[in-house]
**Student:** 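Right, I'll just put the structure down here and ask away after.
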4 protein chains.
Amino acid sequence: MDKNKRMTKEKRRQHIIDAAMERFAESSYHATTTASIAKEADISEVTLYRYFSSKEELFKAVIEPVLAESLEKIEIKLQENKLDPTNKLKYILKNRIEFISNNHRMITLILRERNINPEIIPFDYIERTHALLEKAAEEAGIKLINKEITLRMLIGSILSFIYFPESNSKSKEDYVNQLVVILKNNSL
Amino acid sequence: MDKNKRMTKEKRRQHIIDAAMERFAESSYHATTTASIAKEADISEVTLYRYFSSKEELFKAVIEPVLAESLEKIEIKLQENKLDPTNKLKYILKNRIEFISNNHRMITLILRERNINPEIIPFDYIERTHALLEKAAEEAGIKLINKEITLRMLIGSILSFIYFPESNSKSKEDYVNQLVVILKNNSL
Amino acid sequence: MDKNKRMTKEKRRQHIIDAAMERFAESSYHATTTASIAKEADISEVTLYRYFSSKEELFKAVIEPVLAESLEKIEIKLQENKLDPTNKLKYILKNRIEFISNNHRMITLILRERNINPEIIPFDYIERTHALLEKAAEEAGIKLINKEITLRMLIGSILSFIYFPESNSKSKEDYVNQLVVILKNNSL
Amino acid sequence: MDKNKRMTKEKRRQHIIDAAMERFAESSYHATTTASIAKEADISEVTLYRYFSSKEELFKAVIEPVLAESLEKIEIKLQENKLDPTNKLKYILKNRIEFISNNHRMITLILRERNINPEIIPFDYIERTHALLEKAAEEAGIKLINKEITLRMLIGSILSFIYFPESNSKSKEDYVNQLVVILKNNSL
DNA sequence: AATGAATGAGGATTCATTCAT
DNA sequence: TATGAATGAATCCTCATTCAT
């Protein structure tokens, strides 16, 4: 209680966001009440509303960093174009897998809500990642028996980290390298 | 209206379940109101309550067939043991992929709600599928550089059908066959 | 309680409107709570909302009949043009005074809210009545020392009935007749 | 901001009252928030509460001068008794009309709230004015066909200035003089 | 003296569920 | 069997007011 009162504005804001994330992740946007978020943050609902003008705005603030980071960096990096095609593909895979692993709860949350609140979550990660992978695999000369199998293996690999997160960074790097080797070996 | 009145009890029950599925799939358990389900089914809310004693029970009835089917058949089939290891693996993959494709909306719905209502959705498909695949891959002698990569490719392939459904049955069969070939080719 | 349940839909609707009028008249739109209206009507708030989708809609329903009646009839009657100018003027005065007397509480309510909710109360009675009187007085050849004094006496007479209502119909008729006589006598 | 800080206590108090009047006149007592008043005055809500212990007290302070002035002066003047009856009547009329014109917004505000907060607005101007006029008219020997019509014309004339304000002081004086002439001319 | 931060109480509105017919 | 009518319990959000600095 006392320490709450001493928080700086920015810290308290983040504190509320954290509490909200906790609650939103536990249930869902609709199932989560502003009262429960306030309780989690150990503040009153009114205080919550001093920082965020509505439940929806709070929700946006929760997912915003992930939404913002998401595909920006990767697309910038790819446009710098210093990577050869194979490393481009590896970069995408690594980046996505790291991203998912680091933001596991939030990603789950976002995917869960994306159909429900399309106006809040304006684009579809998975679609866009799919498109990126498609282009990169082609450029890297990966030609399995058909394109579909290639892409399902690539995107599926990434998706697996949503359901089976992995924190060890080295493991993820190894995983990507081996995956690409296998795919290249099996190209026509 | 009139046709509603003529429905048999069982038919009407199913009619309500269908309507409920429609609505639950569109939003989420909490965001879906019993009023909207009744409207979708073109009946009154009270009638809905004559068939299902609560919203939760209706939800259970919606997902129950999928929940029931899910891994039952596959496990029975596997225990019959008439398949050689490789075909066992193929069978699991095909079965899961078909299952996901045929029940796509419901699967999405169930996955979305599994954290929210753990008491309603009592087990985790993906965990169990993962376990099945792990065993089958081992028996089939698939030994990629390490177990993790193998499993991520297998489970990831399946997961991809959640996000990228495919209705053509032949395609799915081909996909599985090719996937297994590749994996076997790359075994140590 | 029991009799409430037996009300027809239309009767109950009117019952709620009456209760709302009671409460709105007692305080004001903003100071009146939907809870207090429901209590006045001896129903639950939810029932209130079954009949009116919002407080604002209920408010509109309360004032609508008065708003609708208000100046329609008078303008139609005047256009029929069967009255000589003096009787036209008398007609306006009588009509307005009757109207105010019969709907005294509602008029007070509407005047009170007209500045506050201009979107709900879309036009200004008094302005329009003023305009009607101006034209009618001119046609009736009433020419006091100046136009302002004439109009203030006319409109003021009407306004007085807002603050000092009178139920006896004969009195009102007499009043109008005498008023017009005086004004005519004093015309230049 | 800076100038705010330099205000004397009394000046700031008045500054807040002015802001509050602005807001109360714009909407109504209940629809006006202390936050909006504070914003209008460009101070914090807490500061507002340093000057006025509650919203109600602030409201009282807003209307107090008008309430205080209202009928005090007039009654004192009348008791001095230096005026002949006709001029007494004229004095009342002029005084009331001037008063309404000079405090137009506040009068409107007070009339709007008088039913809502009878404890705050403890007496009824209009009733009291009516009583004053009744006595004065009688003393001035004005005897129209009946007392009611006389009084409605007198009080109605005053009321008209609430709905149709007039700023020109000469006009008002003329108006009163002419009104009284007419009434006297028509006395029995 | 002034305020940023905080809140208990309450307001409009919705929801799952029940009652009476 | 079917439903129109009804509601207690929440839900998001706002308001007047207070506390700590």
Side-chain angles (χ1 to χ4, degrees), chain A residues 1-2 4-9 12-13 30-38 42-58, chain B residues 1 4-9 12 30-38 42-58, chain C residues 1-2 4-9 12-13 30-38 42-58, chain D residues 1 4-9 12 30-38 42-58:
Chain A
M1 296 257 160
D2 223 50
N4 282 342
K5 308 226 172 190
R6 306 227 175 154
M7 280 188 194
T8 68
K9 196 163 176 170
R12 163 136 304 185
R13 199 185 131 88
H30 272 100
T32 302
T33 69
T34 50
S36 81
I37 295 170
D42 199 14
I43 56 169
S44 76
E45 275 188 270
V46 184
T47 299
L48 187 158
Y49 275 89
R50 267 179 69 80
Y51 286 81
F52 302 93
S53 68
S54 69
K55 183 181 170 185
E56 180 168 329
E57 207 199 277
L58 173 53
Chain B
M1 296 257 158
N4 283 341
K5 307 224 172 190
R6 300 203 185 173
M7 281 188 193
T8 67
K9 195 164 176 172
R12 164 150 301 192
H30 274 96
T32 301
T33 68
T34 51
S36 80
I37 296 170
D42 200 15
I43 56 168
S44 76
E45 277 188 87
V46 183
T47 301
L48 187 158
Y49 274 88
R50 285 189 70 79
Y51 286 82
F52 302 94
S53 70
S54 70
K55 184 183 171 184
E56 182 169 329
E57 207 198 277
L58 173 53
Chain C
M1 297 251 158
D2 225 51
N4 281 341
K5 308 228 173 192
R6 308 231 172 146
M7 279 187 195
T8 68
K9 198 163 174 168
R12 164 136 306 188
R13 199 185 129 88
H30 273 99
T32 302
T33 69
T34 51
S36 81
I37 296 169
D42 199 14
I43 55 169
S44 76
E45 277 188 89
V46 184
T47 299
L48 187 159
Y49 274 89
R50 268 180 68 80
Y51 285 82
F52 302 93
S53 69
S54 68
K55 183 182 169 184
E56 181 169 329
E57 207 197 275
L58 173 54
Chain D
M1 297 255 158
N4 283 341
K5 306 224 175 189
R6 298 205 187 169
M7 281 186 193
T8 67
K9 196 164 175 172
R12 164 149 301 190
H30 273 96
T32 302
T33 68
T34 50
S36 81
I37 296 170
D42 199 16
I43 56 167
S44 77
E45 277 188 89
V46 183
T47 301
L48 187 159
Y49 274 88
R50 284 188 71 78
Y51 286 82
F52 302 94
S53 69
S54 69
K55 184 184 172 183
E56 181 169 329
E57 206 197 279
L58 173 52

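In the text below, chain A, chain B and the rest are named by the order of the sequence lines, each starting its count at 1.
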**Student:** Please give, in whole Å, the distance from E:dA12 P to C:I37 CD1?
**Tutor:**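 Atom CD1 in C:I37 sits about 8 Å away from atom P in E:dA12.
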
**Student:** Between protein and nucleotides 12-15 of chain F, what N or O pairs are separated by less than 3.5 Å?
**Tutor:**
residue	atom	partner	partner atom	Å
F:dC12	OP1	A:T32	O	3.3
F:dC12	OP1	A:K55	NZ	3.0
F:dC12	OP2	A:T34	N	3.0
F:dC12	OP2	A:T34	OG1	3.1
F:dC13	OP2	A:Y49	OH	2.4
F:dC13	OP2	A:K55	N	2.8
F:dC13	O5'	A:Y49	OH	3.2

**Student:** Starting at the 5' end of DNA chain E and moving along, which residue's nearest nucleotide shows up first, A:S44 or D:Y51?
**Tutor:**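 First, find each residue's nearest nucleotide; the 5'-ward one identifies D:Y51.
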
**Student:** Any side-chain N or O of D:R50 less than 4.0 Å from the OP1 or OP2 oxygen of E:dA2?
**Tutor:**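 False: D:R50 side-chain N/O out of range (4.0 Å or more) of E:dA2 OP1/OP2.
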
**Student:** Which atoms form the tightest heavy-atom contact between B:L48 and B:T34, and what is the distance?
**Tutor:**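 That closest heavy-atom pairing would be CD1-O, 3.9 Å.
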
**Student:** Under 4.0 Å from OP1 or OP2 of F:dA5: is there any side-chain N or O of C:T47 that close?
**Tutor:**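 No, because none of the side-chain N or O atoms of C:T47 sits under 4.0 Å from OP1 or OP2 of F:dA5.
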
**Student:** On the nucleotide F:dT1, are OP1 or OP2 found under 4.0 Å from the side-chain N or O atoms that B:R12 carries?
**Tutor:**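 Answer is no, no contact under 4.0 Å.
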
**Student:** To the nearest angstrom, how far is C:D42 atom CG from F:dA5 atom C1'?
**Tutor:**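 C:D42 atom CG is separated from F:dA5 atom C1' by 15 Å.
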
**Student:** Just to be sure I understand the rule, does C:F52 reach a base, reach only the sugar-phosphate, or reach nothing, if contact means heavy atoms closer than 4.0 Å?
**Tutor:**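 It contacts nothing in the nucleic acid.
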
**Student:** Expressed in angstrom and rounded to an integer, what is the separation of A:L58 atom CG from F:dT11 atom C1'?
**Tutor:**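 From A:L58 CG to F:dT11 C1': 15 Å.
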
**Student:** Could you work out, with side chain to side chain contact (heavy atoms under 4.5 Å, CB included) as the rule, every residue matching D:T32, not counting sequence neighbours?
**Tutor:**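 Partners of D:T32 under the side chain to side chain contact (heavy atoms under 4.5 Å, CB included) test: D:R23, D:F24, D:S27, D:S36, D:I37.
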
**Student:** Using whole Å, report how far CD1 of C:I43 lies from P of F:dG8.
**Tutor:**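 Going from CD1 in C:I43 over to P in F:dG8 covers 12 Å.
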
**Student:** Could you tell me which residues satisfy side chain to side chain contact (heavy atoms under 4.5 Å, CB included) with D:T47, sequence neighbours excluded, listed by chain and number?
**Tutor:**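 Residues passing side chain to side chain contact (heavy atoms under 4.5 Å, CB included) with D:T47: D:R12, D:I43, D:S44, D:Y51.
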
**Student:** Under the salt bridge (charged side-chain N to carboxylate O under 4.0 Å, His left out) rule, what pairs show up with a residue in residues 45-55 of chain C, not counting sequence neighbours?
**Tutor:**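 Qualifying pairs, neighbours excluded: none.
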
**Student:** Bend across the helix from E:dA2-F:dT21 to E:dT21-F:dA2, to 10°, with axes taken over 5 pairs at each end?
**Tutor:**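 Overall, the helix from E:dA2-F:dT21 to E:dT21-F:dA2 bends by 30° from one end axis to the other.
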
**Student:** For A:E56, what residues pass the salt bridge (charged side-chain N to carboxylate O under 4.0 Å, His left out) criterion, not counting sequence neighbours?
**Tutor:**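 Partners of A:E56 by the salt bridge (charged side-chain N to carboxylate O under 4.0 Å, His left out) criterion, ordered by chain and then number, come out as A:K60.
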
